[in-house]
Amino acid sequence: MPATEEQRTYYVTTPIYYVNDRPHLGHAYTTVAGDVLTRWHRQRGEKVHYLTGTDEHGQKILRTAEAHGVTPQEWCDRLVAEAWRPLWEHLRIANDDFIRTTEPRHTARAAEFVQGLYDRGEIYRGAYEGPYCVGCEEYKLPAELLPGATEEERLCPVHRRPVEWLAEENYFFRLSAYALRLLEHYAAHPEFIQPASARNEVLRFVEQGLQDLSISRSTFDWGVPLPWDDKHVLYVWVDALQNYLTAAGHGADPERFAELWPASVHLVGKDILRFHAVIWPAMLLAAGLPLPKRVVANGWLMVGGEKMSKSNLTGISPTDLTAHFGVDAYRYYFLRAIPYGTDGSFSWEDFTARYTSELANDFGNLASRLAAMVGRYFDGSLPAAVEPGPAEAAVAAALTGAVAEADRRIGEELDFAGGLGAVFDFVRVVNGYLSDQAPWQVAKDPSDAARGRLATILYTAAEGLRALAVLLNPVMPDTAAKLWESLGAAPLLGPLAGQTIATAADWGRLPAGATITKGEILFPRLEALEEKH
Ligand code: MSP
């Protein structure tokens, strides 16, 4: 029986990455976004499942392994163990599953799935020839290629490398038969493809009609053999897309599958949008399975006007940046600085500027000033507010607004930059409140009334920080935990992970008497940058 909406798990996926090389900033960008999205939904109190993994078959991996003199399986095992899993751990990615397309739980089900399509008459034998980019693992349309160095040479628009001419007798999926049904689905579910620019691109593409898709290869054997013809292996993209189903237990664990499928969000880069918004839903329609709820495309991290790739990364790796700025600032920076869905560039200067002004000065200093004042004026024990007035009500109202806005933008719209903007506007509200109320002045007056006022001001700022720890926990989990600790919140309110986004807005949750300690500086001063350029 299909699970009801309430029981359903919020199931988020990243693309599964090719392991021909180590992860770079572009890969980490999507994976961090997915992690923030899933942590946000967890913090709402929902059941969440976050899947990432690796795409290990196909010509690109085979050629890389050959060039290194090892078998493709050895190559994949090595890269996954030495590069991919360790980076996700380092970046605090809290994925629930990690699928590798060479695992039997995947290969067995992927073969069954295509056999099912074959049995339904959705697959036939035919011939195809055309330009192919091994970098994309995709046949290209002649019209989309760029001119090369010679008269005949043509370049892939993504990789800017020459395409190869392939002529093969293969098996084909009747993709062309699905154009109309796809268009109907896009019309009935306008939220299916996001952002709007991505949706329009897909609509224009499908409106022109679709060609059938070659789904097998017979010139090499690094892939899943077709069950009805083992001289062919499954085309790597048809193999890869199925990870979303096989990892969810399709064909193996009906209960798990009913809870997880259809996926809530497929996060993809804009270069692989057609695979996810055209080919994948068509295959699911052909198999009679429900379609994912949303496919959300992110832009590219650019360098010198081109998509960042292993060849033009200017030598910057994610760990170079985390060594300098720390993991939490790294997670924050890319999501805050680049509106999700658009291209963006990285620069040391921009990262440094945001680190210093937003994280260290606005947010980090607020936490350390509050702890210092509660220490100095109240021996580290948070006083109760005495007669809060309009200034305090304004802070509480700003919090309610910030929580609602951040929840809508991050949790629903995947507008991470806008949501974080709302949270940091609230940081500035609390800072503005402190400068206006000037507790350091109030503290000079020994009267009971002034003492009460001082208590109210410090309590208000501490409450603001309590809410900020909850709101920033999905983005900067280590920092939020340190803040939670320094507010003495755990013994009174329980673990940070148990707090929900909704209760972040409940003013007055942090009880008086909390032991506020100075703790570690949340965002220490950065080392000089000179040598990093
Ligand atoms: N293996 C396929 C995906 C199969 S999903 C069923 C693949 N792998 S990839 O490793 O080449 O790319 C994975 C993702 O990384 C894509 O979404 C791609 O857009 C993203 N990025 C690669 N370089 C990027 C940037 N410079 N910036 C942002 N994302 C980029 O494609």
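Start at 1 and go down the list; that is how both ligands and their atoms are numbered.
- A cation-pi arrangement is absent between Arg336 and Phe424 under the rule of less than 6.0 angstrom and at most 45 degrees off the ring axis.
- Taking the six-membered ring where the residue is Trp, Phe275 and Trp237 present parallel rings, their angle staying beneath 30° rather than reaching 60°.
- The closest approach between Cys136 and ligand 1 stays at or above 4.0 Å for every heavy atom of the residue.
- Between Arg109 and Glu112, at least one side-chain nitrogen of the basic residue sits less than 4.0 Å from a carboxylate oxygen of the acidic one, meeting the salt-bridge criterion.
- Between Ile99 and Tyr244 there is no side-chain heavy-atom pair separated by less than 4.5 Å.
- Near Asp55, meaning under 4.0 Å from any of its heavy atoms, are these atoms of ligand 1: 1 (N), 2 (C), 4 (C).
- Ligand 1 lies nowhere less than 4.0 angstrom from a heavy atom belonging to Phe275.
- Checked for salt-bridge contact, Arg44 and Glu412 meet the test: a charged N lies under 4.0 Å from a carboxylate O.
- Proximity of His276 to ligand 1 is established by a heavy-atom distance of less than 4.0 Å.
- Checked by distance only, ligand 1 and Asp271 come closer than 3.5 Å through their nitrogen or oxygen atoms.
- Between Gly269, Gly26, Pro23, it is Gly26 that holds the heavy atom closest to atom 29 (N) of ligand 1.
- Here's the thing with Leu241: none of its N/O atoms is less than 3.5 angstrom from an N/O atom of ligand 1.
- Taking the six-membered ring for Trp and the full ring otherwise, Tyr330 and His90 have centroids separated by 6.0 Å or more.
- Residue Ile272 has no N or O atom closer than 3.5 Å to an N or O atom of ligand 1.
- Residue Glu89 qualifies as open at atom CD: its count of foreign heavy atoms under 6.0 Å is 12 or below.
- At a threshold of 4.0 Å, the pair Asp328-Arg92 does not count as salt-bridged, since none of the basic side-chain nitrogens sits closer than that to a carboxylate oxygen.
- Within a 6.0 Å sphere centred on CD of Glu207, other residues, nucleotides and ligands contribute more than 12 heavy atoms.
- Less than 4.0 angstrom separates some heavy atom of Ala240 from each of these atoms of ligand 1: 6 (C).
- Every atom of ligand 1 with a heavy atom of Gly299 under 4.0 Å away is listed here by number and element: 28 (C).
- Taking 4.0 Å as the cut-off, Trp237 counts as a neighbour of ligand 1 on heavy-atom distance.
- Distances between N or O atoms of Tyr29 and those of ligand 1 include no value under 3.5 Å.
- For Phe325 and Tyr333, the gap between ring centers reaches or exceeds 6.0 Å.
- When His24, His27, Met302 are ranked by how near their heavy atoms come to atom 12 (O) of ligand 1, first place goes to His27.
- Using a 4.0 Å cut-off between heavy atoms, Leu301 contacts ligand 1 through both its backbone and its side chain.
- Residue Pro15 places no N or O, backbone or side chain, under 3.5 Å from any N or O of ligand 1.
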